[in-house]
Amino acid sequence: MSGKVVERFPAGGATAVDDLVAALRAVPAGGPLTVGDDRIVEFLVAFARRLLRPAVARRHPELASLGFFLRRGEIARALARVADEPGQLRFPRGLVFHVPPANVDTIFVYSWALSALAGNANVVRISSRSAGAADAVLDALGDTLADADDVVRQTQRMVTYGRDDAVTAALSAAADLRVIWGGDRSVGDIRRHPLAPHARDLTFPDRSSFTVIGAAGWLAAAEADRDAAALGLYNDAYWFDQAACASPRAVYWVGDPASTGAARADLLARLRRVLDGKRPEVDAAMAVEKRVATYGLAVEGAATAIHFDGNDLATVELAGPGDLPRRWLGVGTFPQARVDSLADLAPVVVRRDQTVTHFGFTADELVAFARALAGRGVDRIVPVGDALSFAATWDGYDLMREFTRITSVVTR
């Protein structure tokens, strides 16, 4: 089936890629899309309502965050970022080709939705390995389409195809903007296919994230707040099997040895209670992989001790703060180290670091930490529990601005 795609939204059969591109390039019967087009807004709001239905949220709790992200009020805030200004008018970029990762199977909806809000025609490659939450999203999109304007069907497409360079090359050549999510190798593979001279890439390559906890702040917090933080850490780490770029892959404790020891023991006890209630699935293969990965850290000299509390929780004592492993070690694996202050972490941070989740610090302390980093790394500093809460600013990009272009109007 070389040169063809299988349409997942709107659902259909095999389609030649040239026909798909021609349909996306055609001017819709109701007129071209605009930034904040009401036809797209109404579709996204209706789609969000379906995601927030209790039956969907119970099966796939991560989709509730997506539903909240697409509420009318949130959409209005996103559009305010690209409102016309005196002498500057915002317009869609044109055709956007999205290549999301397979391991975080709903991330494609966020970038696609913002691009659609910006008035772009979009084609999204859905991995053939996607299932579960991704299928629930596609079902909800299909159900919403029944009452949507025909412009949605024409301008918004989600497709599946195998390792077909001809398809990737055709979609890349037609795109005005290409959005690539995934590992460094995946980004490099897609970039082999040239874009039109005016087009460009927006890339989201391999990233890593970690949590910082102020021991004094933790011990002073109310019981309910500590319970909420333990649940938040669970959501940050165990959704998507700790494989999302924003999922914390280490915990840094800030404070003196005595207080950090007490705070750590308290957090782990609370996290253990969350795990006993949630009962995340960790199969035998994953459990073995975790042991191989963590013992590998010990062989490398990066770890001084390893503790397994069942298959769903492992803690690793790092030899030093700079020994942070930025590779995935398996779901429920938390390398840990202690530092005296947040400033001690500044030399540890590298450009690859994306999200820092925090608990137990003042706003001034967090701002000072961000200034100490001076842009060398870390694009997001958010509370524990918000690691996976997508925002219109991601990886340092203001996405609504990236998805639009400016026409300047100068008068005399």
Side-chain angles (χ1 to χ4, degrees), residues 35-36 40-41 44 48 62 64-85 88 90-93 96 98-101 104 106-120 122 124 177-182 187 200-212 232 235-236 239-240 244-248 349-358 361 363 366-406:
V35 176
I40 296 296
V41 170
L44 291 176
E62 65 270 33
S65 296
L66 175 56
F68 282 110
F69 180 76
L70 294 175
R71 290 176 301 171
R72 194 178 296 276
E74 296 300 318
I75 287 175
R77 277 187 278 275
L79 290 173
R81 305 169 79 92
V82 288
D84 289 342
E85 299 176 10
Q88 290 192 343
R90 289 275 178 174
F91 295 98
R93 283 195 174 271
V96 182
H98 305 254
V99 187
V104 185
T106 56
I107 196 70
F108 72 90
V109 188
Y110 291 97
S111 64
W112 159 73
L114 290 175
S115 180
L117 274 178
N120 295 301
N122 293 278
V124 185
L177 179 69
R178 183 169 58 187
V179 183
I180 312 172
W181 301 78
V187 171
R200 66 186 183 84
D201 282 324
L202 188 60
T203 60
F204 300 90
D206 282 333
R207 305 298 300 274
S208 62
S209 301
F210 58 87
T211 294
V212 293
N235 292 338
D236 288 346
W239 286 1
F240 307 117
C245 289
S247 297
V349 169
V350 298
R351 186 65 193 91
R352 177 174 170 167
D353 294 328
Q354 184 213 60
T355 298
V356 172
T357 46
H358 63 84
F361 300 97
L366 296 172
V367 169
F369 177 51
R371 293 193 183 281
L373 297 177
R376 291 194 307 275
V378 177
D379 299 310
R380 306 170 63 231
I381 301 177
V382 299
V384 168
D386 287 348
L388 303 178
S389 297
F390 197 85
T393 300
W394 195 261
D395 274 16
Y397 295 116
D398 187 328
L399 293 180
M400 287 301 295
R401 295 179 182 235
E402 299 290 339
F403 288 137
T404 56
R405 54 188 300 273
I406 296 172

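Residue numbers start at 1 and run along the sequence shown.
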Under the side chain to side chain contact (heavy atoms under 4.5 Å, CB included) rule, what do Asp386 and His358 come out as? Steps first, then yes or no, please. CA-CA 10 Å; Asp386 287 348; His358 63 84; over 6 Å; no
Give the intermediate values and the outcome of side chain to side chain contact (heavy atoms under 4.5 Å, CB included) for residues Cys245 and Trp394. CA-CA 11 Å; Cys245 289; Trp394 195 261; over 6 Å; no
Leu114 vs Phe69, side chain to side chain contact (heavy atoms under 4.5 Å, CB included): CA-CA, chis, key distance, verdict: CA-CA 10 Å; Leu114 290 175; Phe69 180 76; 4.0 Å; yes
Working note: Val212 + Ile381, criterion side chain to side chain contact (heavy atoms under 4.5 Å, CB included); need CA distance, chi angles, decisive distance, verdict. CA-CA 10 Å; Val212 293; Ile381 301 177; over 6 Å; no
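Using the six-membered ring where Trp is involved, Phe204 and Tyr397 have ring planes that are perpendicular, over 60° apart on the 30 and 60° scheme. Ring geometry, Phe403 versus His98: the interplanar angle falls from 30° to 60°, so the pair is classed tilted.
The CG atom of Leu117 sits 5.0 Å away from atom CG of Leu44, with the distance rounded to the nearest 0.5 Å. Going from atom OG of Ser115 over to atom CZ of Phe108 covers 13.5 Å, rounded to the nearest 0.5 Å. How far CG of Asn120 is from CH2 of Trp112: 12.5 Å, rounded to the nearest 0.5 Å.
In the model, Asp353 has a side-chain atom that pairs as donor or acceptor with a side-chain atom of Ser208 under 3.5 Å. Looking at Thr211 and Thr357, their side chains do bring a donor and an acceptor atom within 3.5 Å of each other.
With Arg72 contributing its side chain and Val41 its backbone, the two residues share no donor-acceptor pair below 3.5 Å.
Heavy atoms of other residues, nucleotides or ligands lying less than 6.0 angstrom from CZ of Arg71 number more than 12.
The side-chain hydrogen bond (donor to acceptor under 3.5 Å, both in side chains) test applied to Thr393 returns Arg81, not counting sequence neighbours. Under the side-chain hydrogen bond (donor to acceptor under 3.5 Å, both in side chains) criterion, Thr404 pairs with Arg90, not counting sequence neighbours.
The minimum heavy-atom distance between Arg380 and Ala387, with the atom names listed, is NH1-O, 2.8 Å.
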